[in-house]
2 protein chains.
Amino acid sequence: MSTAAVADTRPYHHGDLRRALVDAAARILEREGPSALSLRAVAREAGVSPAAPYHHFKDKNELLEAVAHVGWEALGEAMLDVRDKGADVQSLMTELGVAYVCFSQRHPALYRVMYDRSRDKDALPEGMQDKEDSAYCLVRETFKKVAGPEVADVDIELATIAAWCAAHGLAEMSGFAQFNPLREALGGDEAFLRGVLSHLGSFGNLRQDPAE
Amino acid sequence: MSTAAVADTRPYHHGDLRRALVDAAARILEREGPSALSLRAVAREAGVSPAAPYHHFKDKNELLEAVAHVGWEALGEAMLDVRDKGADVQSLMTELGVAYVCFSQRHPALYRVMYDRSRDKDALPEGMQDKEDSAYCLVRETFKKVAGPEVADVDIELATIAAWCAAHGLAEMSGFAQFNPLREALGGDEAFLRGVLSHLGSFGNLRQDPAE
DNA sequence: GGTGTTATCTAAACACCGTCCAGATCGGAC
DNA sequence: GTCCGATCTGGACGGTGTTTAGATAACACC
């Protein structure tokens, strides 16, 4: 036995445990929320001893970092899916905002881990403003395409940050109970989101011909 | 001894322990951050046994709720302080936004506790949209005053929520390391904040004469 | 003023947590 | 086939939130 036995209960020494741990963590997150995400619970879920994860991650933080990383990639994909919707800037940015917030609503626990890590580090994931297909760059490139070359990079960056902050704020607060009456009055959650997003981002600021 | 001895080491049975615990928690928060805020540490800081807090709070959550409550009141006061600055809406809202974010920067740990509690409950503090001098109502009333009576309440509420989300997002992300180059390029943190806030909130939406 | 009631506090215990250590186990290189 | 190094386990340590039983002291009442 050994090398050949593919899908045994324990293919390798234990198998690809690093990935198994991240998957287990994601499973716990979806099933029981962030408060249940202890390192021991992850090990239990993966069927190993509590000390096993320490051969793949320096500590609990490093595991959470890995979990957050897959979350950021999934968020990036979700936003790429809508990058062709929307004729003008306003509606495209709204579409991106809806995609962002909907992701956070579909994976609330994961989203919380993602931002808890960022807050602890006081930084977004490394390289987020550089690598081409990240959510952040997608927003910035959208702004840049629309604004044209005359607009200063500083303004592009400020607009991107502003949009990002707004989306993040809405993602964290959209489910708050106080908004339920308004949500229902508008006929559902997505209408509510679009309503809020329509009040956010004065994208006209970026145009060169200020009609004001 | 007893009733008369005012400021002894332990005036009452223990004194006003409930308040002492909240104060101790706030002290730990400022000194060591949110990760150090254990119930036992609070009890230690207040000089009582680990079980003592349970005679004043159902559990740790309830203590944190009390801590968050004082935080929300302090935030409301900080925003009331600037409610007369700024000639037009845009600049007044910017001023309020700066006050909001600066509060979160002055008390980062407290701000985090405040929103962690809200996220757990999926709700802002109870009564926040009702009691007159809350930060939330201050923003809404500002919008209402400017918009005039013709604007629908729904739009006022949406604008308020949008502004709040934007401010919260900026509060949580303003310190992120990725923004440091831009912050320095703009000549300091407050300039950076104003720059981002200027791209947020298309307050013109609320005016009745859409010059568009 | 003594007495009983009730709120308050302590000490000890429980289960769980993150983390480290010594030793067992096993894959792969020589 | 033997050794090495990576991987995993069992057990331990200190810390956590919470509960229980029992001590203590303020207060109400006679």
Side-chain angles (χ1 to χ4, degrees), chain A residues 1-25 28-29 31-68 109 113 116-117 120, chain B residues 1-25 28-29 31-68 109 113 116-117 120:
Chain A
M1 55 174 151
S2 65
T3 52
V6 187
D8 206 74
T9 54
R10 305 192 157 194
Y12 194 51
H13 204 146
H14 179 99
D16 186 356
L17 211 170
R18 197 195 146 95
R19 174 180 304 271
L21 287 169
V22 175
D23 290 351
I28 291 175
L29 229 35
R31 198 200 311 143
E32 309 170 62
S35 66
L37 193 69
S38 69
L39 198 64
R40 293 177 106 103
V42 173
R44 228 176 290 137
E45 172 84 16
V48 294
S49 81
Y54 284 89
H55 295 269
H56 301 270
F57 301 98
K58 186 166 70 48
D59 54 14
K60 185 185 180 184
N61 278 347
E62 211 170 273
L63 204 193
L64 295 187
E65 204 92 44
V67 173
V113 168
D116 278 348
R117 299 316 311 138
D120 282 353
Chain B
M1 57 176 150
S2 65
T3 51
V6 187
D8 206 76
T9 53
R10 304 192 158 194
Y12 194 52
H13 203 148
H14 179 100
D16 187 355
L17 212 173
R18 195 194 148 94
R19 175 180 303 270
L21 287 169
V22 175
D23 290 351
I28 291 175
L29 227 37
R31 197 198 314 139
E32 308 171 61
S35 66
L37 193 68
S38 70
L39 198 62
R40 293 176 106 103
V42 174
R44 229 174 290 138
E45 173 84 16
V48 294
S49 81
Y54 285 89
H55 295 269
H56 301 271
F57 302 98
K58 186 165 73 44
D59 54 13
K60 185 185 180 184
N61 278 347
E62 211 170 272
L63 204 192
L64 294 186
E65 204 92 45
V67 173
V113 168
D116 277 349
R117 300 314 313 138
D120 282 353

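Letters A, B, ... mirror the listed sequences (proteins, then strands); counts begin at 1.
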- Val48(A) side-chain proximity, nearest of dC20(C), dT9(D), dG17(D): dT9(D)
- Query: From Glu62(B) CD over to Leu39(B) CG, what is the distance, rounded to the nearest 0.5 angstrom?
  - Reply: 11.5 Å
- Task: Mind calculating the distance between CG (Leu64(A)) and C1' (dG18(C)) to the nearest angstrom?
- Result: 12 Å
- Can you tell me how far the CG atom of Leu21(A) sits from the NE2 atom of His55(A), to the nearest 0.5 Å? 11.5 Å
- Note on the structure: dist Glu45(A):CD -> Arg31(A):CZ (nearest 0.5 Å) comes out at 4.0 Å
- Starting at CD of Glu62(B) and ending at P of dT18(D), how long is that distance when rounded to a whole Å? 11 Å
- Message: In whole Å, I'd like the distance from the OH atom of Tyr54(A) to the P atom of dG11(D).
- Response: 18 Å
- Item | Integer-rounded Å distance: dG17(D) P and Phe57(B) CZ | 14 Å
- Roughly how far, to the nearest 0.5 Å, is the CG atom of Leu64(A) from the CG atom of Leu29(A)? 8.5 Å
- Message: Strictly below 4.0 Å: does His56(B) bring a side-chain N or O up to OP1 or OP2 of dC9(C)?
- Response: yes
- side-chain hydrogen bond (donor to acceptor under 3.5 Å, both in side chains) involving Asp23(B) - partner list, sequence neighbours excluded: none
- Starting at atom NE2 of His55(B), determine the distance to atom P of dA21(D), rounded to an integer number of angstrom. 13 Å
- Message: Does the protein touch nucleotides 11-17 of chain C at the base, only the backbone, or not at all? Give it as B, S and - per nucleotide, heavy atoms under 4.0 Å.
- Response: B-B---B
- Note on the structure: To the nearest 0.5 Å, atom OG of Ser49(A) lies from atom CZ of Arg40(A) at 9.5 Å
- Note on the structure: Here the distance between atom P of dT19(C) and atom NZ of Lys58(A), to the nearest Å, is 8 Å
